[in-house]
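This structure is a prediction, so every number in the text was calculated from the model and none was measured.
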Amino acid sequence: MNDDLKEKLKFNISISQMREAENLAMNNKKVKVNKGIGIAACFIIATTGVAFASSKVIENIWKIPEVPKEGIIKITEESKKDNISEEKAKEIAVNKLEEIGFNSDIIDTDHYKQIDSNKIMYRFITQENFSISIDGQTGDFFEIWNVNENIQDEKITITEEEAKEIANQYYKLFGFKEGEYEITKVWSNNKYGSGIGQGYKIDIEYNKKYGEIYNPYERVSISIESKNKALDYFRTEKIPYDNNEIIVSEEEALQIALNEDKKIGTNEIEKIQIKKMVVMMNADAYDRIHNKEDYYKSKQTVDYPIEKRNYYVVEERVRNAWVVEITYKDNYDGDIVKRYTEGKYNYFVDCTTGEIIGGASMDYIND
């Protein structure tokens with residue numbers, strides 16, 4: 001399934017826009033596990049943690065997620081208490097703009113609160129129509145966008161090599177050291193939709209590396225437009241990687257996920273894949289099992305009201321986890337929306353504690 005379709009499904013675009021996905025229906029009718037896993041997990045749930053076969057006691061990291069106390073997206077006086085002031089954020093924004101040689105004359109604001117926390121993103125608009133955002137909880141620079149109209153022309157293209165050379169210049173301009181992050185992905189926006197070759201806008205992602213592992217949540221994203229061969233946007237994310245120990249085996253992770261899946265009452269399992277990945281904790285699996293009806297209704301209803309969705313506050317932690325992707329038998333009677341929202345689920349099983357620390361519906365391992 002292409003990325004555009006996935007996004008449409010996630011945000012409940014109408015069925016008529018998803019007909020092209022029909023040919024991607026699952027055909028395999030036998031249960032398959034990627035490495036023939038069939039060994040039951042051997043572990044003991046203790047009061048203070050999980051003790052696996054090694055008898056090593058590991059402290060739990062998962063906590064029952066909290067529902068945000070404040071309104072979903074409205075900035076309130078209460079939410080402001082958890083953030084720096086607008087004046088302080090503006091000072092940081094001006095300093096950053098001056099540091100990179102951009103016009104720092106701020107003429108407007110467009111602040112917003114994150115949906116699943118009290119974090120305010122302070123967004124300022126400059127005279128030259130650049131938007132710069134500051135994280136209200138950390139005080140860190142988050143992103144800058146060129147919001148001028150007509151800065152892109154699909155008839156004009158730029159090569160990947162040209163874009164990478166320009167992106168590297170911005171990477172250094174914004175204060176990142178050579179070798180600190182490495183380019184991991186290049187995507188060319190072009191009329192073919194191929195993602196490769198020349199394009200009218202090319203997106204480049206850099207990630208921080210730990211040994212042979214890249215942390216997808218310590219990244220720099222840069223987009224270069226072809227018309228002026230200049231910056232379209234620059235975004236940073238700095239959630240550190242725990243690099244937690246691998247104690248839980250694949251076999252144990254599989255059994256943990258299957259035990260959890262029994263609680264949800266899903267269709268017969270058709271296929272299972274398991275992969276060790278770097279993930280960020282989330283409340284998706286928690287919401288699915290505690291609010292199954294609302295969980296799927298929100299994914300399958302066009303224009304489902306944002307205020308009726310379930311939101312939770314979860315600690316931002318990036319961990320090694322076994323992603324157990326379960327594909328269910330296709331029993332959706334031709335309902336494309338149900339097939340792609342209910343047909344698969346991914347459990348994130350922490351590699352150290354064995355806890356389920358999150359999850360995701362639809363494709364994940366092969367994203």
Side-chain angles (χ1 to χ4, degrees), residues 3-4 7 89-112 121-136 138-208 214-239:
D3 291 339
D4 287 341
E7 292 304 314
K90 184 176 181 179
E91 179 185 339
I92 295 169
V94 168
N95 289 340
K96 189 64 179 181
L97 289 165
E98 291 177 348
E99 175 189 324
I100 61 178
F102 280 41
N103 184 301
S104 61
D105 186 6
I106 291 173
I107 60 172
D108 200 3
T109 62
D110 183 24
H111 309 327
Y112 64 96
M121 299 305 295
Y122 289 107
R123 186 159 55 193
F124 303 94
I125 312 300
T126 72
Q127 188 177 47
E128 294 186 348
N129 221 18
F130 277 86
S131 166
I132 181 169
S133 298
I134 304 299
D135 185 320
T138 66
D140 290 335
F141 160 75
F142 174 59
E143 67 179 9
I144 187 167
W145 283 80
N146 186 342
V147 291
N148 288 284
E149 295 182 1
N150 303 318
I151 64 166
Q152 293 179 19
D153 186 339
E154 294 188 16
K155 296 178 183 178
I156 301 173
T157 61
I158 185 173
T159 67
E160 290 185 9
E161 289 308 313
E162 285 178 301
K164 284 194 285 187
E165 183 178 348
I166 297 168
N168 284 334
Q169 293 172 7
Y170 281 111
Y171 172 91
K172 294 175 183 176
L173 179 65
F174 277 75
F176 288 88
K177 298 177 182 178
E178 186 174 352
E180 184 179 3
Y181 290 70
E182 296 181 9
I183 293 178
T184 56
K185 187 185 300 182
V186 177
W187 179 267
S188 175
N189 298 270
N190 54 45
K191 63 181 180 180
Y192 308 108
S194 64
I196 59 175
Q198 297 188 31
Y200 60 86
K201 186 168 75 78
I202 294 183
D203 306 327
I204 298 166
E205 184 164 308
Y206 303 69
N207 291 93
K208 196 165 187 178
Y214 291 100
N215 178 8
Y217 301 98
E218 280 182 283
R219 63 183 173 187
V220 173
S221 300
I222 304 174
S223 185
I224 305 298
E225 52 89 7
S226 61
K227 185 175 180 180
N228 301 304
K229 291 185 170 54
L231 184 71
D232 183 50
Y233 69 78
F234 188 108
R235 175 181 292 166
T236 65
E237 192 170 18
K238 299 178 181 179
I239 305 174

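A donor-acceptor pair is defined here as one N or O able to donate and one able to accept, closer than 3.5 Å; no such pair exists between the side chain of Asn189 and the backbone of Glu225. Checked by atom type and distance alone, the side chain of Asp153 never pairs as donor or acceptor with a backbone atom of Tyr200 at under 3.5 Å. Ser188 places a side-chain N or O within 3.5 Å of a backbone atom of Gly197 that can act as its donor or acceptor partner. Proximity of a side-chain donor or acceptor of Thr109 to a complementary backbone N or O of His111 within less than 3.5 Å is not detected. A donor-acceptor pair under 3.5 Å is formed between the side chain of Thr236 and the backbone N or O of Phe141. A donor-acceptor pair under 3.5 Å is formed between the side chain of Ser226 and the backbone N or O of Ile156. Under a 3.5 Å cut-off, the side chain of Arg219 and the backbone N or O of Glu237 do not form any donor-acceptor pair. Thr138 places a side-chain N or O within 3.5 Å of a backbone atom of Asp140 that can act as its donor or acceptor partner. Proximity of a side-chain donor or acceptor of Asn215 to a complementary backbone N or O of Lys208 within less than 3.5 Å is not detected.
We find the NZ-OG distance between Lys185 and Ser221 to be 8.5 Å, quoted to the nearest 0.5 Å. The CD1 atom of Ile107 sits 6.5 Å away from atom CD of Gln127, with the distance rounded to the nearest 0.5 Å. With values rounded to the nearest 0.5 angstrom, Lys227 atom NZ is found 6.0 Å from Asn150 atom CG. Atom OG1 of Thr126 and atom CG of Leu97 lie 6.5 Å apart (nearest 0.5 Å). To the nearest 0.5 Å, the span separating OG on Ser133 from CE on Met121 amounts to 5.5 Å. Put simply, CZ on Phe124 and CG on Asp110 are 10.5 Å apart, with the number rounded to the nearest 0.5 Å.
Between Tyr171 and Tyr206, the two ring planes are parallel [angle under 30°; tilted spans 30° to 60°].
For Asn228 against Ile151, the heavy-atom pair with the smallest separation is ND2-O, 4.2 Å.
Using a 4.5 Å cut-off on side-chain heavy atoms (C-beta onward), Tyr170 and Ile224 make contact. Considering only heavy atoms from C-beta on, Glu99 stays 4.5 Å or farther from Asn95 through its side chain. Taking the side chain as every heavy atom from C-beta outward, Glu160 and Ile202 approach each other to under 4.5 Å. With a 4.5 Å cut-off on side-chain heavy atoms, Val94 and Ile106 count as touching. You'll find the side chain of Arg123 stays beyond 4.5 Å of the side chain of Trp145, heavy atoms only. Contact of the Ile204 side chain with the Asn168 side chain is not registered, since no non-hydrogen atoms from C-beta on lie closer than 4.5 Å.
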Counting only pairs under 3.5 Å, give me each side-chain donor-acceptor contact of residues 173-182, with atom names and distances, residues two or more places apart or in other chains.
residue	atom	partner	partner atom	Å
Glu180	OE1	Lys177	N	3.2
Glu182	OE1	Tyr214	OH	2.7

Asn146 vs Asn148, side chain to side chain donor-acceptor pair (under 3.5 Å): CA-CA, chis, key distance, verdict
CA-CA 6 Å; Asn146 186 342; Asn148 288 284; 2.6 Å; yes
Quick one, Gln152 with Asp232, criterion side chain to side chain contact (heavy atoms under 4.5 Å, CB included). Give me CA distance, side-chain angles, the key distance, then yes/no.
CA-CA 9 Å; Gln152 293 179 19; Asp232 183 50; 3.5 Å; yes
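With sequence neighbours excluded, the residues that form a side-chain contact (heavy atoms from CB on, under 4.5 Å) with Glu161 are Thr159, Lys164.
Around the NZ atom of Lys90, the shell of radius 6.0 Å holds no more than 12 heavy atoms that belong to other residues, nucleotides or ligands. In the displayed structure, Lys229 atom NZ is contacted under 6.0 Å by more than 12 heavy atoms of other residues, nucleotides or ligands.
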